[in-house]
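The structure appears below as structure tokens.
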Amino acid sequence: MSSDDEFMSDQMSDDAYGDDDDSLGEEFDEDDDQDFDDGKEDKPSRKAYEVDFKVFSDEQIRKSQQSQVEEVSSILGLPGEQCAILLRHFKWQKDRLIEKYMDGGEEVLEEAGLGQSYDTLPRLEKVRGFACDICCDDERGLDTYAMKCNHRYCVNCFRQYLESKIKDEGEATRIQCPSEGCSRIVDSKTVDLLVPAEVDNRYKELLNRTYVDDRPNLRWCPAPNCEYAVDCAVRPAQLHTIVPSVSCRCGHNFCFGCGFSEHQPCPCSLVKKWLKKCEDDSETANWISANTKECPKCISTIEKNGGCNHMTCRKCKHEFCWVCMGPWQEHGTSWYNCNRFEEKSGSEARDQQAKSRASLERYLHYYNRYANHDHSAKLDKDLYVKTEKKMTTLQSSSGMSWIEVQYLEAASKVLQQCRQTLKWTYAFAFYLERNNITYIFEDNQKDLEMAVEQLSELFEKPTDQLANAKKEMMDKTAYVNNRRIIVLEYTATGLAAENWKFTVDLK
């Protein structure tokens, strides 16, 4: 074990994210948790950078709502549809609803748009001498409908009104009576009675959406067409000490705090500041537009076409690093400092113009490495798409089984994951104040970066050489993954203890 590993093992703590028993707080009581039981056992232990979370399906969310409605209905002695409207009005805070209702039930019902009387069996009626106020139809035998507010309309007009609210406006929880000035809320039984099945399904979908949006411990997975929701107990006030990365069943990894793609070890506030800074054309336009670089030896123009940063000029065969443009031979030795920004001496930044140039140079140092890992991750992702083809070729040429060639897929996934981590370590480092723990962080960052480049180089080997490199690739994959864990453990433990000092305020 290296000295870095020993340091990390001393820093790890099971209490990095607080006590597990209180993690859900009041937002999700035990009954709710049982309603959302997905049959998975809790992990026996948790790393410092991990958070507790659960993933729930659309059906599980509906089941939880129904369970809470039935519980409140049994306590208050009110119909289920009425309790559902009350719970939505109180944003599903059951205890607060019950307390308020016990103090003044009539006021609570009026405030929620229910009134004192409630019809549990809505029905269509034919009223003699009726004329609809919307379409002015007074046809004899016309089906009509009215809630307890007695604002009656023909069924066609009421149906069209509900369809417009649901389909066009996306409203479900606060659909009011069509009569102007009436605040009576339309319940689910009325909707079921009047609208066709496809509109009713949309209505129920919107109710589910609102339920998740109203609960601070729930968030929809942001992946396209994903219907899962994630439950995580991390509060907004904790986001300066926790980076709550979660994984949906659809395979999408994202931050529960801000909804962006996973960005460990960088806290949400730093991510937002960094992305805003990167959008400033005055600093990045020229830099982002540069897709090529020149060979340091023969000045030939070179375009990067793979994830590996070990470049070999086709013209002069000079080997160099794409990131720092230094000789590749120095990478892997004690002279390797590609990841560390060297501050200039005070004499070089005396006047304001020199300070401005130094500031821009510092920013571009971190941005270049951030953008490079982002670009390399995309190229490595393309490599992952080709991995299955390589696995098939390797299987047929070497006589290995499909299971035996799975190490390529595992290595590809680890490579992409580490590129993502390395990308955000540079945004993290940009805002760090310089001190002793910063140097330890940069050493861990450097070790991970070197290991990733070595694994990336192994992937560049021809397919016929991959069979002989299996053990080397498996060992390197495990080592790279371990170095990533060390970086994340170290940063997460420091964030939880608020040991890191930044140049900006995280709160």
Side-chain angles (χ1 to χ4, degrees), residues 11-30 32-33 36 42-43 46-56 61 64 87-88 90-97 99 209-222 229-248 253-277 421 424-425 427-433 437 441 488-507:
Q11 292 291 325
M12 296 178 191
S13 170
D14 292 334
D15 297 328
Y17 294 119
D19 187 272
D20 285 348
D21 294 335
D22 298 328
S23 60
L24 292 179
E26 296 179 357
E27 300 300 337
F28 226 20
D29 59 26
E30 293 180 359
D32 294 341
D33 200 24
F36 275 167
D42 292 337
K43 294 180 180 180
R46 185 180 66 197
K47 294 182 174 62
Y49 59 88
E50 294 177 334
V51 294
D52 288 331
F53 67 91
K54 292 182 180 179
V55 182
F56 304 119
I61 295 170
S64 175
L87 280 166
R88 293 183 192 115
F90 282 88
K91 297 190 179 299
W92 298 92
Q93 299 177 40
K94 291 184 297 186
D95 293 341
R96 182 165 171 261
L97 162 60
E99 180 184 350
R209 289 275 160 188
T210 305
Y211 175 74
V212 172
D213 293 341
D214 284 345
R215 304 296 296 271
N217 58 309
L218 289 175
R219 179 187 281 273
W220 290 107
C221 172
V230 177
D231 166 38
C232 182
V234 174
R235 307 289 193 274
Q238 297 174 283
L239 293 179
H240 68 288
T241 59
I242 302 175
V243 184
S245 294
V246 298
S247 179
C248 181
N253 298 325
F254 67 97
C255 172
F256 186 84
C258 61
F260 292 163
S261 295
E262 182 181 356
H263 51 74
Q264 285 183 332
C266 212
C268 296
S269 58
L270 289 189
V271 170
K272 292 174 183 176
K273 291 179 186 296
W274 175 254
L275 293 178
K276 188 176 184 300
K277 187 174 184 64
T421 299
W424 288 111
T425 59
F428 185 88
F430 176 76
Y431 292 104
L432 272 181
E433 289 186 0
I437 62 173
F441 164 78
L488 295 182
E489 286 277 359
Y490 182 54
T491 51
T493 305
L495 281 173
E498 300 190 53
N499 291 333
W500 296 108
K501 303 299 180 185
F502 297 95
T503 58
V504 293
D505 185 7
L506 296 190
K507 298 179 182 180

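Positions are given from 1 along the sequence.
- Judged by distance alone, with hydrogens and angles left aside, the side-chain atoms of Ser245 form no donor-acceptor pair with the main-chain N or O of Glu262 at under 3.5 Å.
- Without hydrogens or angle criteria, Thr241 side chain to Ala496 main chain gives no donor-acceptor distance under 3.5 Å.
- Here the shortest heavy-atom pairing between Phe254 and Cys248 reads CE2-CB, 4.4 Å.
- When all heavy atoms are compared, the tightest approach of Thr493 to Ala48 is OG1-CB, 3.6 Å.
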*Using the side chain to side chain contact (heavy atoms under 4.5 Å, CB included) rule, take Leu270 and Val504 through it: C-alpha gap first, then chi angles, then the decisive distance, then the call.*
CA-CA 8 Å; Leu270 289 189; Val504 293; 3.5 Å; yes
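- Nearest heavy atom pair, residue Ile61 against residue Ala229, reads CD1-CB, 3.7 Å.
- Using a 4.5 Å heavy-atom cutoff, the side chains of Trp92 and Leu97 are not in contact.
- Across every non-hydrogen atom of Val234 and Phe256, the tightest pair is O-CE2, 4.2 Å.
- A salt bridge links Asp52 with Arg46; the closest basic N to acidic carboxylate O contact falls under 4.0 Å.
- For the pair Trp220 and Val230, the minimum side-chain heavy-atom distance is 4.5 Å or more.
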*asked:* side chain to side chain contact (heavy atoms under 4.5 Å, CB included) for Ser261 and Cys255? Distances and angles first, verdict last.
replied: CA-CA 6 Å; Ser261 295; Cys255 172; over 6 Å; no
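- In this structure, Glu99 CD and Lys94 NZ are separated by 15.0 Å, a value rounded to the nearest 0.5 Å.
- Between atom CG of residue Asn217 and atom NZ of residue Lys54 there is a gap of 11.5 Å, rounded to the nearest 0.5 Å.
- A donor-acceptor contact shorter than 3.5 Å links the side chain of Gln264 to the backbone of Tyr49.
- The backbone N or O of Leu495 sits nowhere less than 3.5 Å from a side-chain atom of Glu498 that would complete a donor-acceptor pair.
- With contacts defined as side-chain heavy-atom distances shorter than 4.5 Å, the pair Leu432/Lys501 does not qualify.
- Under the side chain to side chain contact (heavy atoms under 4.5 Å, CB included) rule, Trp424 has a single partner from Val243, Thr491, Val271, which is Val271.
- At a cut-off of 3.5 Å, with distance as the only test, a side-chain donor of Ser64 or Tyr211 sits close to an acceptor on the other residue.
- Residue Pro222 comes nearest to Gly259 through the heavy atom pair CG-O, 3.6 Å, listed as atom of the first residue, atom of the second, then distance.
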_Test side chain to side chain contact (heavy atoms under 4.5 Å, CB included) applied to Phe53 and Ser247, step by step_ = CA-CA 9 Å; Phe53 67 91; Ser247 179; 4.2 Å; yes
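- A centroid separation of less than 6.0 Å is found between the aromatic rings of Trp500 and Tyr490.
- Leu488 is not listed as a side-chain neighbour of Lys47, based on a closest heavy-atom distance of 4.5 Å or more.
- To the nearest 0.5 Å, the span separating CG on Asp213 from NZ on Lys91 amounts to 9.0 Å.
- Summarising the geometry, atom OG belonging to Ser269 is positioned 8.0 Å from atom CG belonging to Asp505; distances are rounded to the nearest 0.5 Å.
- The side-chain heavy atoms of Val51 and Cys232, taken from C-beta on, include a pair separated by under 4.5 Å.
- Partner of Phe502 under the ring-ring contact (aromatic ring centres under 6.0 Å, His included) criterion, chosen from Trp274, Phe430, Phe428: Phe428.
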*asked:* Show, in sequence, the C-alpha distance, side-chain angles and deciding distance for His263 and Cys258, and conclude whether the side chain to side chain contact (heavy atoms under 4.5 Å, CB included) test is met.
replied: CA-CA 10 Å; His263 51 74; Cys258 61; 3.3 Å; yes
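- Under a 3.5 Å cut-off, the side chain of Arg219 and the backbone N or O of Gly257 do form a donor-acceptor pair.
- Closest heavy-atom contact between Phe260 and Lys272: CE1-CG, 4.3 Å.
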